[in-house]
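Lettering of chains follows the sequences in order, A, B, ..., and the numbering in each one begins at 1. For the numbers below, each heavy atom of this structure counts, side chains included, while hydrogens, waters and symmetry mates do not.
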Amino acid sequence: MDSAVFTPEAAYTLDQLEAKFPPRDLPAGACVTRFGPSPTGFMHIGGLYTSLVSRRLAHQSGGKFFLRIEDTDKKREVEGTVDLILASLATYGLSPDEGEIADGQEVGAYGPYRQSERKPIYQSCVRWLLDQGHAYPCFATADELQALRDEQTKRKVPPGYYGAWAIWRDKSADDVAAALAQGLPFVIRLRATGGRDERVTLPDTIRGDLEFPANQTDVVLLKADGMPTYHLAHVVDDHFMRTTDVIRGNEWLASYPMHAQMFALFGWAPPRFAHISPIEKQDGGSRRKLSKRHDPEASVGWYMEAGYPLGAVTEYLLNLIDGRFEDWRAANPDLPNTEFQIELERMSRSGALFDLVKLDSVSREVVGTMSARAIYDAALVWASGHDPEFAVRFAADADYSQRIIDIERHGERPRKDIVRWDQLPADIGYFFDDRYAELLGEAKETFAALQPAPAEGLLAAVAEGYDPALERDQWLEWLRDLGLTFGYAPNAKTFKQAPDQYRGHFGDLASVLRVALAARRNTPDLHEMMQVLGKERVVTRLTAAIGW
RNA sequence: GGCCCGUUCGUCCAGUGGUUAGGACGCGGCCCUUUCACGGCUGAAACACGGGUUCGAAUCCCGUACGGGUCACCA
């Protein structure tokens, strides 16, 4: 039987492919890694995690990181996913060196980088396997396969298409020709070579040597539509794309024996493997993988919407990769995190629980090291996409916005209360007059509820006497003195010693000003806030509040 | 069910035969303080269990339990 019938799109011999995709010219020790997502409408945080590991490993060794779109299942494909993947990677600084880099645009000499466009390559390899007797066509129907499984379950033997259960494994050429003549759909299966007690060992970079029973299953290589299964595509692609390190989720551990067998049959040296544990989530008493359905934080889109700065997600993930990152960061507060060398060998073998609280803490630190300008730029990009109304305000006066951001962020102990950009509209909205106007209603309520009630004439006096030229200390002294004339003790201690002699203490006075100026009781340093607002706004707002 | 993987404070990690089992986040307390933060100090908090090996085990071996993965023409 001519194998061409089963692989109509085959176009090369193995030798031709070897010549077409020669070994890469890279320095010794350089790692070539890849990320191979299927475009099913979603970018999982785990994909970002794997990409981070892969890309860092490649780059710190002088190698390459490429993106391969694994779109061999046309049923599950969701349009637009590739753009989403590209945007996600780009947002967190993980753009690939090779592969699709923009809509339909590819770079790199080992393409095409979409598996759906590599059919001739897969079929060429399968044809060789067929010719060698290492693969064969199978015309079993879904019903027949189901019946097989039912029988296996009944007989309590391992389910699967193997050995004597592999009904098409040893069919005669006549049977095959007959099925073909009827136009029956077929798949191509591997003729498994694993012996009954044979074992294979996987030298996993993270986990050390792992041992499994050798593969005995005649796994499907080519589906009825002529597309490869993951197994075939992985082996063929990672060989011809010259991947040195396959970094993938540990759900692939169990299929390693199949892959190993195929590499051996082709006579190819397998790459190194590193199976990483998935990021999990606490769910009641147990833990499970972060799921697309139940956990919004499973999607990279969630982090983009929340406006976590690039570095925050990266550094949090780096922490999961190697706990020593934290120590490194503490010792090197100013170095870019790309300087941190990751080591696969040090990765945890068990799955890490995703901890949003920790992420926030990391983010706080990351934002803490950013300049007001950098925060402004990043937050504006976020706002443009997620809060247009705020974006307009924020962009209207870039200098004003940056001074707002910079409040209490300079000096020895910078304020670290920004975690994600989406908190900004609520946190600093009151600085903008149009937003402040919208907050007036609640401001009045808060003002009316103030205890002790604001002293008559206080607002007018502050508005009257406010001198923005005063340094913080002088200003404080001035305000304390002024407060005293309205019955506010200069500090809490004095007040506590003689509560009946005062209306309240300095903190109460500050609250009055805060509510009038910011429509809330909690604000950053009052002095600095007033400086940024500027005398005009301060006077206007205080004066308007006199009637509250 | 078979096969495989995993198990140190609530969480993330250090620890590779001899440590008062360390750090970070979170939590409690104290301090600083014009509110909220920041910061400083401090406290509570863990080697899944049972057997070995050893002078000595979180570290090595075996078993148990509990989690997880996988057994598709999905990746």
Side-chain angles (χ1 to χ4, degrees), chain A residues 36-40 70-73 75-76 115 138 140 142 145 149 153 156-161 185-189 202 204 207 210-213 217 219-231 233-234 248-257 275 277-278 280 282 285-289 316 319-327 329-330 346 348-362 364 368 408-409 411-418 427 476 479-480 483 488 490-492 505-511 513-515 518 520-527:
Chain A
S38 353
T40 54
E70 312 211 329
D71 57 346
T72 54
D73 186 357
K75 298 183 294 292
R76 294 203 315 159
Q115 291 184 328
C138 167
L145 292 174
R149 269 191 291 272
T153 311
K156 291 192 163 54
V157 298
Y161 199 90
F186 61 85
V187 299
I188 304 298
R189 288 182 182 270
L202 159 60
D204 189 277
R207 296 155 192 268
L210 266 22
E211 210 178 84
F212 302 88
T217 301
V219 62
V220 172
L221 265 21
L222 235 41
K223 301 188 271 188
D225 62 1
M227 283 283 203
T229 55
Y230 170 86
H231 308 295
H234 148 60
R248 57 173 19 171
N250 69 177
E251 69 270 22
W252 294 111
L253 232 26
S255 45
Y256 171 76
H275 291 90
S277 298
E280 299 175 336
Q282 190 69 237
S286 70
R287 31 169 72 198
R288 47 151 235 261
K289 267 171 88 167
Y316 174 68
N319 246 316
L320 254 32
I321 293 171
D322 187 340
R324 297 173 315 168
F325 172 74
E326 232 166 23
D327 298 331
R329 174 46 88 206
R346 296 199 55 91
S348 171
R349 282 134 295 265
S350 54
L353 271 191
F354 204 82
D355 185 353
L356 252 15
V357 177
K358 177 79 177 187
L359 203 218
D360 280 359
S361 155
V362 170
R364 217 186 298 278
E408 283 189 274
R409 293 190 72 263
E412 288 297 293
R413 279 162 41 180
R415 195 178 178 85
K416 293 177 186 166
D417 53 357
I418 302 176
D427 280 5
L476 259 179
L479 192 58
R480 284 216 165 91
Y488 291 94
N491 56 57
H505 58 82
F506 190 73
D508 298 320
L509 187 165
S511 284
L513 300 182
R514 285 196 158 90
V515 175
R520 63 205 293 170
R521 311 177 67 131
N522 305 338
T523 79
D525 181 74
L526 189 53
H527 173 66

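Residue A:R346 places at least one side-chain N or O closer than 4.0 Å to OP1 or OP2 of B:G15. Between A:R324 and B:A24 there is no side-chain N or O to OP1 or OP2 distance below 4.0 Å. For A:T72 and B:C74, the shortest distance from a side-chain N or O to OP1 or OP2 is not below 4.0 Å.
Residues satisfying the salt bridge (charged side-chain N to carboxylate O under 4.0 Å, His left out) criterion with A:E251, sequence neighbours excluded, are absent altogether. Every residue two or more places apart in sequence or in another chain that forms a salt bridge (charged side-chain N to carboxylate O under 4.0 Å, His left out) with A:R409 is listed here: A:D406. Every residue meeting the salt bridge (charged side-chain N to carboxylate O under 4.0 Å, His left out) condition with A:R346, not counting sequence neighbours, appears here in chain and number order: A:D322.
Atom OH in A:Y316 sits about 13 Å away from atom P in B:G26, given to the nearest Å. Protein atom CZ of A:R207 is 10 Å distant from nucleotide atom C1' of B:G68, rounded to whole Å. In this structure, A:R189 atom CZ and B:C73 atom P are separated by 6 Å, rounded to whole Å. What separates NZ of A:K223 from C1' of B:C74 is a distance of 7 Å, to the nearest Å. Here the P atom of nucleotide B:A75 and the CG atom of A:L222 are 12 Å apart, to the nearest Å. Summarising the geometry, the separation between CG on A:D322 and C1' on B:A14 is reported as 10 Å, rounded to the nearest angstrom. Taking atom OH on A:Y256 and atom C1' on B:A75, their separation rounds to 20 Å, with Å as the unit. As a whole-Å value, the separation of A:E326 CD from B:G22 C1' is 13 Å.
Its glycosidic angle being more than 90° from 0, B:C49 falls on the anti side.
A side-chain donor-acceptor contact under 3.5 Å links A:R207 to the backbone of A:H275. Side chain of A:S277 to main chain of A:R349: a donor-acceptor pair is present (N/O by atom type, distance under 3.5 Å, no hydrogens or angles).
Using bins of under 30°, 30° to 60° and over 60° for the plane-to-plane angle, the ring pair A:Y230/A:W252 lands in the parallel bin.
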So if I define the base as every atom that isn't primed, P, OP1 or OP2, how would nucleotides 33-39 of chain B read as a B/S/- string at a heavy-atom cutoff under 4.0 Å?
-BBBBBS
Could you list, one pair per line, each protein nitrogen or oxygen that sits under 3.5 Å from a nitrogen or oxygen of nucleotides 1-4 of chain B, together with the distance?
{"unit_1": "B:C4", "atom_1": "OP1", "unit_2": "A:R199", "atom_2": "NH2", "d": "3.1"}

N/O-N/O pairs, protein side and nucleotides 60-65 of chain B side, under 3.5 Å:
none

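When heavy atoms are screened at a 4.0 angstrom cut-off, A:R76 is found touching base atoms of the nucleic acid. Nucleic acid contact for A:S348: sugar-phosphate only, since backbone atoms but no base atoms lie under 4.0 Å from a heavy atom of the residue. Among the heavy atoms of the strands lying under 4.0 Å from A:V357 are primed sugar atoms or P, OP1, OP2 only; no base atom is included. In this structure, A:A140 reaches the bases: a heavy-atom distance under 4.0 Å links it to at least one base atom across the strands shown.
Taking the P atom of each, B:A57 and B:G18 are spaced 11 Å apart, rounded to whole Å. B:A48 sits 43 Å from B:C36 when the C1' atoms are compared, rounded to a whole Å.
Judged by closest nucleotide on RNA chain B, A:A352 is the one of A:A352 and A:K75 placed further toward the 5' end.
Contact between A:N250 and A:P278 at its shortest, heavy atoms only, is ND2-CD, 3.4 Å. Across every non-hydrogen atom of A:L221 and A:R189, the tightest pair is CD2-C, 4.0 Å. Across every non-hydrogen atom of A:K358 and A:N319, the tightest pair is CE-ND2, 4.3 Å. Contact record, A:A518 with A:T523: CB-CG2, 3.6 Å, taken as the closest heavy-atom pair.
For the pair A:L476/A:L479, no side-chain contact is recorded, criterion being any heavy-atom separation below 4.5 Å from C-beta on. Taking 4.5 Å as the limit, every side-chain heavy atom of A:D417 sits out of range of all side-chain heavy atoms of A:E408.
Taking only side-chain atoms of A:E280, from C-beta outward, the nucleotide of B:C73, B:G68, B:G23 with the closest atom is B:G68.
Of the nucleotides present, B:C31 is the one that pairs with B:G39 by Watson-Crick or G-U wobble criteria, both distances under 3.5 Å.
For the 3.5 Å distance criterion, the side chains of A:R76 and A:T40 fail to qualify, holding no donor opposite an acceptor.
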